[in-house]
**Student:** 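What follows is a structure written as structure tokens; I'll ask about it next.
Just so we're clear, the structure is a prediction, and the values are computed from it rather than from any experiment. Naming: A, B, ... by sequence-line order, numbering from 1 per chain.
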Amino acid sequence: MRQTRFHAPTLKEDPKDAEVVSHRYLMRGGYIRKVAAGIYDLLPLATRVVRRIEGIIREELNRAGAQEVYLPAVQPAELWQESGRWAFYGPELLRFKDRKGAEFCLGPTHEEVIVDLVRRDVRSWRALPLNLYQIQIKFRDEIRPRAGLMRGREFIMKDAYSFDVSEAAALESYDLMYRAYERIFRRCGLDFRAVEADTGAIGGSRSHEFQVLATSGEDAIVSCDACAYAANVEQAELRRSEQPSEPDAQRPSDESTARVHTPGARTIDEVSALLKRPASSFIKTLIIEADGKLHAVLVRGDHALNDIKLKKLLGATEVHLADEARVQAATGAPVGFAGPVGRLDVASMLADHAVSGMVNAVVGANESDHHLVGVSEGRDFKVQGFHDLRLAADGDACPRCDGTLRSFSGIEVGHVFYLGTKYSQAMKCTFLDEAGEDRPMVMGCYGIGVTRIMAAAIEQNHDENGIVWPPGLAPFAVHVLPLQMNVPEVVEAAEQLYVALTEAGIDVLLDDRDERAGSKFKDADLLGIPWRIAIGARGIKDGNVELKPRRGGDAELVPLDQAVSMIQARLRAALSPA
RNA sequence: CGGGGUGUAGCGCAGCCUGGUAGCGCGCCAGUUUUGGGUACUGGUGGUCGGAGGUUCAAAUCCUCUCACCCCGACCA
């Protein structure tokens with residue numbers, strides 16, 4: 001491709017609304033342009049990267065026995081009503097009517113459509129297992145799209161669905177996909193971790209997320225430093241500690257309760273500073289509204305509530321902190337002074353394991369500007385039960401071994417779910433088994449965020465000058481820079497090299513623009529093509545060109561006539577399976 | 001939805017407080033110059049100042065409403 005003919009409008013300055021690295025470089029490099037919040041054009045460069053990601057996904061999924069299809073973007077409401085998700089899904093499901101007034105939605109995911117497809121024509125156990133996938137634009141009307149391609153409303157996703165005769169067979173399909181995912185992300189050149197995860201709105205009972213490790217990641221994950229355990233913090237189990245917490249071990253456990261004045265101090269940090277007691281000696285009393293009912297939930301002051309665990313425990317569909325008015329009504333005090341001692345107008349009071357046996361703790365007094373000290377669990381208040389309710393944190397004990405959990409932030413680029421019969425039962429997707437009995441198929445579903453991989457790869461592979469593409473994803477393999485367009489020998493050598501590389505089947509971008517060397521170098525760094533061949537007036541006099549990897553490393557002078565074979569060798573080495 | 005912020009040329013910004021000719025840098029076009037890390041200079045193109053209403057002799061500037069976008073919290077590939 002000749003750059004004079006190639007639409008890659010680069011920007012010298014950072015666009016103002018781009019904060020994260022991938023967004024900045026994708027905009028500056030002329031890969032993407034914004035159309036609306038969370039909706040982007042993919043220009044030729046980004047399209048090429050997407051094609052490469054898709055290619056890797058196709059190869060690996062086909063190898064694993066999955067078959068590609070295209071499913072509709074616009075889906076009828078009836079299917080969603082049948083699965084029950086028309087009511088369950090929130091406003092991120094974009095709904096609209098056609099001219100006849102029939103209701104539709106833009107597909108945020110395709111379980112309904114695929115189940116409808118499979119139930120129509122698959123009737124026998126002989127046709128199973130079946131695994132169908134598609135790569136398509138999805139739309140989710142996200143509450144807050146952000147960070148460019150990392151969280152758009154419209155995004156390209158690969159979604160696969162497996163259908164099996166039994167749970168055992170379905171778990172085999174699951175493992176097959178899990179292994180395919182490992183191969184896919186490895187070939188994408190990503191540093192990733194598969195972690196145990198919550199199943200969220202899709203539903204199901206077993207699930208792993210594939211997280212790309214990056215400081216800009218939105219997801220918090222923990223991983224054991226001793227064993228293979230890794231999980232999203234939302235999901236991470238916590239080992240119930242053997243001995244009760246000792247918030248203030250120096251003091252006698254029979255300290256009596258006292259009321260202290262804590263004017264204006266609402267947060268644990270504020271009260272902690274005021275009373276000069278560590279956050280771990282506090283019991284945080286959260287007033288939670290779950291499906292309209294209020295509950296008091298106690299966690300230790302230095303811990304955070306895991307609302308997903310709470311949601312599961314309560315069997316609630318919607319859980320959030322109660323608003324100011326309801327807190328006032330339930331505790332008789334403004335937000336920030338709730339406590340477990342005395343009258344609390346709530347349906348139940350639950351606590352995290354770590355609260356069990358706490359002595360001499362600090363709690364809210366259910367009275368404006370006051371807290372209680374010297375409060376002991378069991379003596380001064382009782383809860384309905386202790387449960388695993390808090391978020392895992394760095395330094396917690398691993399639930400599987402004696403190791404310690406370490407926290408990382410990650411970007412979720414893939415997710416595999418074991419679904420069971422949730423959808424097949426609701427939508428009557430059944431088959432006749434060998435005994436002639438009608439049974440629901442056992443399903444799994446498997447997503448990969450294609451455009452998100454592009455962003456995540458940049459988050460993980462860049463420097464201060466631009467993108468450094470992993471070789472598997474690069475839009476071109478080689479960038480040829482003739483440095484002086486007015487020196488015929490230079491132009492001639494570049495053209496010759498361009499033709500030779502192209503004929504060798506290598507994707508090459510030739511910077512034939514009439515620009516100064518400096519501009520070409522800057523743009524080349526920004527675009528991030530793995531190999532750069534600079535052709536200058538000095539070197540070409542001796543028949544040499546300069547070969548340089550974008551990812552660090554020194555430039556080397558190589559004879560023009562050997563450049564193609566050297567590049568071929570380098571590319572082979574870079575793309576061969578590690 | 002709650003909190004914070006921004007809309008002025010393709011991009012990045014100043015001007016607004018204190019109303020009176022719409023500016024700067026980059027890019028783009030023409031030319032001279034330069035030629036291995038965004039060369040220097042000359043000339044030029046380009047703007048209903050997000051939109052609507054109002055106040056005023058006069059509005060980018062003051063007032064009201066509205067839309068869009070960004071950032072921080074509750075959702076997800």
**Student:** Name the pairing partner of B/G10, where a pair is Watson-Crick or G-U wobble with both distances under 3.5 Å, or state none.
**Tutor:** B/C26

**Student:** Between the base of B/C75 and the side chain of A/R140, is there any donor-acceptor pair under 3.5 Å?
**Tutor:** no

**Student:** Both A/P145 and A/T10 contact RNA chain B. Which one's nearest nucleotide lies toward the 5' end?
**Tutor:** A/T10

**Student:** I'd like a table of atom pairs between the protein and nucleotides 5-11 of chain B - only N or O on both sides, under 3.5 Å - with the distance next to each one.
**Tutor:**
residue : atom : partner : partner atom : Å
B/U6    : O2'  : A/K16   : NZ           : 3.2

**Student:** Rounded to whole angstrom, note down the C1' distance from B/G15 over to B/A60.
**Tutor:** 8 Å

**Student:** Is there any protein nitrogen or oxygen under 3.5 Å from a nitrogen or oxygen in nucleotides 33-37 of chain B, and what are the pairs?
**Tutor:**
residue : atom : partner : partner atom : Å
B/U34   : O2   : A/R516  : NH1          : 2.5
B/U35   : O4   : A/N486  : ND2          : 3.0
B/G36   : O6   : A/G536  : N            : 3.2
B/G36   : N2   : A/E546  : OE1          : 2.4
B/G36   : N2   : A/E546  : OE2          : 3.1
B/G37   : O6   : A/R532  : NH1          : 3.0
B/G37   : O6   : A/R532  : NH2          : 3.4
B/G37   : N1   : A/D525  : OD2          : 3.1
B/G37   : N2   : A/F521  : O            : 3.4
B/G37   : N2   : A/D525  : OD2          : 2.3

**Student:** Rounded to whole Å, please give me the gap between CD in A/E142 and P in B/C71.
**Tutor:** 13 Å

**Student:** For residues 483-494 of chain A, which residue pairs pass the side chain to side chain donor-acceptor pair (under 3.5 Å) check, not counting sequence neighbours?
**Tutor:** none

**Student:** For residues 538-553 of chain A, which side-chain donor-acceptor pairs fall under 3.5 Å, sequence neighbours excluded?
**Tutor:**
residue : atom : partner : partner atom : Å
A/E546  : OE2  : A/R532  : NH2          : 3.2
A/R550  : NE   : A/I467  : O            : 3.3
A/R550  : NE   : A/D525  : O            : 3.0
A/R550  : NH1  : A/D463  : OD2          : 2.8
A/R550  : NH2  : A/D463  : OD1          : 2.8
A/R550  : NH2  : A/D463  : OD2          : 3.4
A/R550  : NH2  : A/D525  : O            : 3.0
A/R551  : NH1  : A/N461  : OD1          : 3.4
A/R551  : NH2  : A/N461  : OD1          : 3.2

**Student:** Please list, chain by chain and in numerical order, all residues satisfying side chain to side chain donor-acceptor pair (under 3.5 Å) with A/N62, sequence neighbours excluded.
**Tutor:** A/Y133

**Student:** Determine the Euclidean distance between corresponding C1' atoms of B/C11 and B/U6; express it in Å to zero decimal places.
**Tutor:** 16 Å

**Student:** Using whole Å, what does the distance between atom C1' of nucleotide B/C26 and atom CZ of A/R28 come to?
**Tutor:** 12 Å

**Student:** Hey, can you pull the residues of residues 34-56 of chain A with a non-hydrogen atom under 4.0 angstrom from RNA chain B?
**Tutor:** A/K34, A/A36, A/A37

**Student:** For a quick test of reading the model: is some side-chain N or O of A/K12 closer than 4.0 Å to OP1 or OP2 of B/G27?
**Tutor:** yes

**Student:** List in chain and number order the residues that pass salt bridge (charged side-chain N to carboxylate O under 4.0 Å, His left out) with A/E19, two or more places apart in sequence or in another chain; answer none if no residue qualifies.
**Tutor:** none

**Student:** Grab the CZ-C1' distance between A/R513 and B/G27 for me, whole Å please.
**Tutor:** 13 Å

**Student:** Please list, chain by chain and in numerical order, all residues satisfying ring-ring contact (aromatic ring centres under 6.0 Å, His included) with A/Y446, sequence neighbours excluded.
**Tutor:** none

**Student:** Partners of A/K284 by salt bridge (charged side-chain N to carboxylate O under 4.0 Å, His left out), sequence neighbours excluded?
**Tutor:** none

**Student:** Name all residues meeting the salt bridge (charged side-chain N to carboxylate O under 4.0 Å, His left out) criterion together with A/E182; count only those two or more places apart in sequence or in a different chain, and write none if there are none.
**Tutor:** none

**Student:** Using atom P in both nucleotides, what's the gap between B/G50 and B/G7 to the nearest angstrom?
**Tutor:** 8 Å

**Student:** Rounded to whole angstrom, note down the P distance from B/G19 over to B/U56.
**Tutor:** 16 Å

**Student:** How would you list, by chain and number, every residue that makes a ring-ring contact (aromatic ring centres under 6.0 Å, His included) with A/H23, sequence neighbours excluded?
**Tutor:** A/Y40

**Student:** Rounded to whole angstrom units, what separation is found between the OH atom of A/Y446 and the C1' atom of B/C76?
**Tutor:** 19 Å

**Student:** When all nucleic acid strands are considered with a 4.0 Å heavy-atom cut-off, which category describes A/G30: base, sugar-phosphate, or nothing?
**Tutor:** nothing

**Student:** Applying salt bridge (charged side-chain N to carboxylate O under 4.0 Å, His left out), can you list everything that pairs with A/D116, at least two apart in sequence or on another chain?
**Tutor:** A/R119, A/R120

**Student:** What distance, rounded to whole Å, do you find between the two P atoms, one in B/C62 and one in B/C16?
**Tutor:** 9 Å

**Student:** Looking only at atom C1', what distance separates B/A30 and B/C17, rounded to whole Å?
**Tutor:** 42 Å

